[in-house]
Amino acid sequence: MENLEQLKDQLLACVHKASNLNELEETRLQALGKKGKLTLMMKNLGQMEPEQRKTVGQELNLVKQAISEALDQQKRQLEDDDLAERLKAEQLDITLPAREQSEGRLHPLSQALDSALEIFGRMGYEVKEGPDIENDFNNFTALNIPAEHPARQEQDTFYLPPNSDGEDPMVLRTHTSPVQVRTMLDQKPPIRIIAPGRTYRSDYDATHTPMFHQIEGLVIDKDITMGHLKGCLEEFCRLFFENPNLQLRFRPAFFPFTEPSAEVDILWTNNKGQEEWLEILGCGMVHPNVLENCGIDPTENQGFAFGMGIERIAMLKYGITDLRLFFESDLRWLRHYGFHWFERA
Ligand code: DAH
């Protein structure tokens, strides 16, 4: 018994002395390993008288338990010390400025989107977002797009597999216009929102990618006119393209969700020095059917809406010629067209 007490103290001392996990494991093996001191003593119990075996066995178990607990505790302590040391050694000062040759760049699409949102933000627009997966009502029906409209046909729209409850299949939204519907359904006029986001169409060439981005605008109040629409878009384009004399042209067009509708062109000098009109967005006065579909009384309220492709305006502003390059993640392209944080608007 005395020996056992001594052994316990000796082993405990070893445990506390272990200054790293290897040493601790050594100590564990010495005590509790296959050939460990306590293990061997346990084996010897078999040769004892039953009475003696019982008392010594109990004592041994207590010692074993004490050693196990001490081992666990020491292990945790050593691991904590280890972590604290590593945290100290690997400390990073994240407040330091980036190194000059730092490789990170802001994608030109993010840059274009940020500056567009900043401009509309200053005009008092609120940012709204909607899901990429939309229902048929929000993407088409509420927007006065009849069942036979070509935009609904399979070659343009990505449909999700039909669900079993017989409802129309969900779609990957083909434009950001459903955010107009979502907004009008849960908010009463006055409304002044801008909705950026991803949109999807089954199309692929130098000017079309299956996923692209749009910004949608919607303003509804009692006396909003086409004049407000023109003023707002002119102001936006001049600020965005950083040209106070930029010329815009409103051309009559057709969209099911606006009446009257227009497409807007800007007068642009191409790389051969020639001026040309380039279309950048669609817009119009929100169709009374759309207001009604969204629970807004068209005899009391009216307003305008517009939608533009972010890739389109980014390509013009930054001189990018192939739309597909936006999504190829080619580092040489990103280095050339990307923005440093200190260049941000
Ligand atoms: N949703 C249209 C498209 O994707 C763009 C558009 C046109 C949006 C006119 C509007 C609008 O809000 O009034 O082609």
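Note that ligands are numbered from 1 as they come in the structure, with each ligand's atoms numbered from 1 the same way. Scope of the values below: all heavy atoms of this structure, side chains included, with no hydrogens, waters or symmetry mates.
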Sub-4.0 Å heavy-atom approach of Phe304 to ligand 1: no

Electrostatic pair Glu279-Arg312, nearest N-O below 4.0 angstrom: no

Atoms in ligand 1 with a heavy atom of Ala305 nearer than 4.0 Å: 12 (O), 13 (O)

Donor-acceptor side-chain pairing of Asp205 and Thr207 below 3.5 angstrom: yes

Ligand-side contact atoms (ligand 1) for residue partner Ser177, heavy atom cut-off under 4.0 Å: 1 (N), 8 (C)

Residue, atom name and distance, where the atom is the protein heavy atom closest to atom 2 (C) of ligand 1: Phe257 CZ, 3.8 Å

Numbered atoms of ligand 1 (with element) below 4.0 Å of Gln180, judged on heavy atoms: 12 (O)

Reference residue Arg28; test side chain to side chain donor-acceptor pair (under 3.5 Å); the match among Gln30, Glu26, Glu25: Glu25

Trace of the side-chain contact (heavy atoms from CB on, under 4.5 Å) decision for Val264 with Arg249: CA-CA 6 Å; Val264 174; Arg249 177 170 83 173; over 6 Å; no

Per-atom contacts, ligand 1 versus Gly284 - under 4.0 Å to a heavy atom: 13 (O)

Atoms of ligand 1 close to Gln214 [distance to a heavy atom under 4.0 angstrom, numbered from 1]: 3 (C), 4 (O)

Near-ring test Tyr318/Tyr337, centroid separation under 6.0 angstrom: no

Contact atoms of ligand 1, heavy-atom distance to Glu216 under 4.0 Å: 8 (C), 10 (C), 12 (O)

Atom indices of ligand 1, in the order listed, that fall short of 4.0 Å to a heavy atom of Phe255: 7 (C), 9 (C)

Gln73 CD: over 12 foreign heavy atoms closer than 6.0 Å: no

Note: Arg53-Glu49 ion pair, threshold 4.0 Å (strictly below): no

salt_bridge(Arg201, Asp203) N-O dist < 4.0 Å: no

Among Pro178, Gly307, Pro256, closest by any non-hydrogen atom to atom 8 (C) of ligand 1: Gly307

Best match, Arg201, Arg173, Met285, His287: closest heavy atom to atom 14 (O) of ligand 1: Arg201

